[in-house]
Amino acid sequence: MKVIEKIQSLQEGKVVFSFEFFPPKTEDGVDNLFDRMDRMVAHNPSFCDITWGAGGSTADLTLDIANKMQNIICVETMMHLTCTNMPVEKIDHALQTIKSNGIQNVLALRGDPPHGQDKFVQVEGGFSCALDLVKHIRSKYGDYFGITVAGYPEAHPDAIGNDGVATPEAYQNDLAYLKRKVDAGADLIVTQLFYDTDIFIKFVNDCRQIGINCPIVPGIMPINNYKGFLRMTGFCKTKIPAEITAALEAIKDNEEAVKAYGVHLGTEMCRKILAHGIKTLHLYTLNMEKSALAILMNLGLIEESKISRSLPWRRPANVFRVKEDVRPIFWSNRPKSYITRTIGWDQFPHGRWGDSRNPSYGALTDHQVHKVVEPLPFSFVWYK
């Protein structure tokens, strides 16, 4: 299902949240990520997304993780896709792959410069910006994909000067470019991280004034580590309010205190955002669960003791299988591998245990035909 459709179908007043993950560098890291993801998805996020490495450096891994998120973890999945070092053929390969796996959501990005380079360079046969990517997806794939784009409350980092601030002209140009992305077919905006909530609220109002009417989802990054916080905000040229700098400076050598402050700050930021009528939150997890879940619990959006499902298993997020509401007996012993083992069956869920005329059965042999045997004295019938 498209994320935009899920958001548009929300009951009035209901708040939804989502999580972002990135591809780990090791096999053990990937296994750990799926364990963590499985626990977090139990709280019913509206979707989860997985990032795309600079220059397609994690392309195959991103595609594999996205497939497993959608079909084994069973969460609505959004895959990042960038233009960096990606000719059109590679972009189409990625889009066809996720489409065949039942994924309908893409976050279309220009992407960062490849490792070791300072500026983005358009690859031969590729696109120069996210706008080109949005246009391509819409022209070639129609309405199949829900397309999300990035919004920058303080303007894109490339537009921010050495003083840490974008000029009014640069900010307005960035807003105008965002509107072009939406007009070209983007359904949804997720913002870059920020720590000044007033800047985000102003950004939303400025977007509305120029005719950007689609949902704008705030990107919230909990502070888990002081050095990591400085590195990320420095890279993104994010403005840090003086009171946050002062609070962190006093506890920077106490990792547990930094995490606790990060949960407190994230909770207060979200409360202020929700009070302004925004009903969607996107949490940049950095592949860590505790801080993100603690913020949601503080907001009353989740309760550890109230994880429930409408069925004993998670409904498939795969668009081709989302209406399934049955499982054979063996699902309970191997629930994670169930969709993987059955994904090639051509009529689902009426395949192996449904209509025997289905070609997935193959030819029936004599021993497969049920025959009634003479009843035994203790009133039941044997079949062989």
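Everything numeric here is computed off the predicted structure, so don't read it as measured data.
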Okay, side chain of R271, backbone of A275: is any donor-acceptor separation there less than 3.5 Å?
no
Carboxylate-amine/guanidinium contact R36 E289, below 4.0 Å
yes
N71 side chain reached by N101 side chain, heavy atoms, under 4.5 Å:
yes
So with a 6.0 Å cut-off around CD of E27, is the heavy-atom count from everything else above 12?
no
So does R138 have more than 12 non-hydrogen atoms from other groups sitting under 6.0 Å from CZ?
yes
I'd like to know if D206 and K202 make a salt bridge, using a cut-off of under 4.0 Å between side-chain N and carboxylate O.
yes
F145 and Y141 aromatic ring geometry - parallel, tilted or perpendicular at 30°/60° bounds
perpendicular
Is it true that a side-chain atom of H156 and a backbone atom of Y152 form a donor plus acceptor pair closer than 3.5 Å?
no
Do any N or O atoms from the side chain of E76 and from the backbone of M1 form a donor-acceptor pair under 3.5 angstrom?
yes
With no hydrogens and no angle check, is any side-chain donor or acceptor of T84 less than 3.5 Å from a backbone partner on D112?
yes
Using 30° and 60° as the class limits, which term best fits the ring planes of F229 and Y195: parallel, tilted or perpendicular?
perpendicular
If only atom types and distance count, is the side chain of N105 paired as donor or acceptor with the main-chain N or O of V3 below 3.5 Å?
yes
Is it true that atom NZ of K279 has more than 12 heavy atoms of other residues, nucleotides or ligands lying nearer than 6.0 Å?
yes
Looking at D183 and K179, is there a salt bridge between them, counting it only when a charged N and a carboxylate O are closer than 4.0 Å?
yes
Is there a side-chain contact between L107 and M79 in this structure, where contact means two heavy atoms from C-beta onward sitting under 4.5 Å apart?
no
Determine whether a donor-acceptor pair (N or O, by modelled atom type, separation under 3.5 Å) exists between the side chain of D187 and the backbone of I147.
yes
Quick one: are L109 and C83 in side-chain contact, heavy atoms under 4.5 Å?
no
Worked verdict on Y226 versus N254 for side chain to side chain donor-acceptor pair (under 3.5 Å):
CA-CA 9 Å; Y226 180 70; N254 185 333; over 6 Å; no
Mind checking whether V182 and L131 sit in one hydrophobic cluster, side chains of I, L, V, M, F, W, Y counted as touching below 4.5 Å?
no
Heavy-atom closest pair, residues A166 and A155:
CB-CB, 3.7 Å
Kindly indicate whether the side chain of I220, heavy atoms from C-beta on, has any atom under 4.5 Å from the side chain of F17.
no
Within the side chain of K2, is there an N or O that forms a donor-acceptor pair under 3.5 Å with the backbone of D143?
yes
Mind checking whether K239 and I199 have side chains closer than 4.5 Å, heavy atoms only?
yes
Side-chain touch T77/D49, heavy atoms, less than 4.5 angstrom
no
Main-chain N/O of S46 paired with K6 side-chain donor or acceptor, under 3.5 Å:
yes
Just by distance, no angles: are the side chains of T51 and H80 close enough, under 3.5 Å, to form a donor-acceptor pair?
no
What one should report as the nearest heavy-atom pair of V134 and A186 is CG1-N, 3.9 Å
Please confirm whether the backbone N or O of A170 pairs with a side-chain atom of D174, one donor and one acceptor, at under 3.5 Å?
no
Over all atoms of both residues, closest heavy-atom pair of M269 and F194
CE-O, 3.2 Å
With distance as the sole test, does E154 use its side chain to make a donor-acceptor pair with the main-chain N or O of T238 at under 3.5 Å?
no
Would K99 and Y144 count as a cation-pi pair here, with the cationic atom under 6.0 angstrom from the ring centre and within 45° of the axis?
yes
Salt-bridge criterion met for K272 and D198 (N-O under 4.0 Å):
yes
Check whether any side-chain heavy atom of W52 sits under 4.5 Å from a side-chain heavy atom of P23, and report yes or no.
no
Within the 6.0 Å centroid threshold, strictly below: H136 and F127
yes
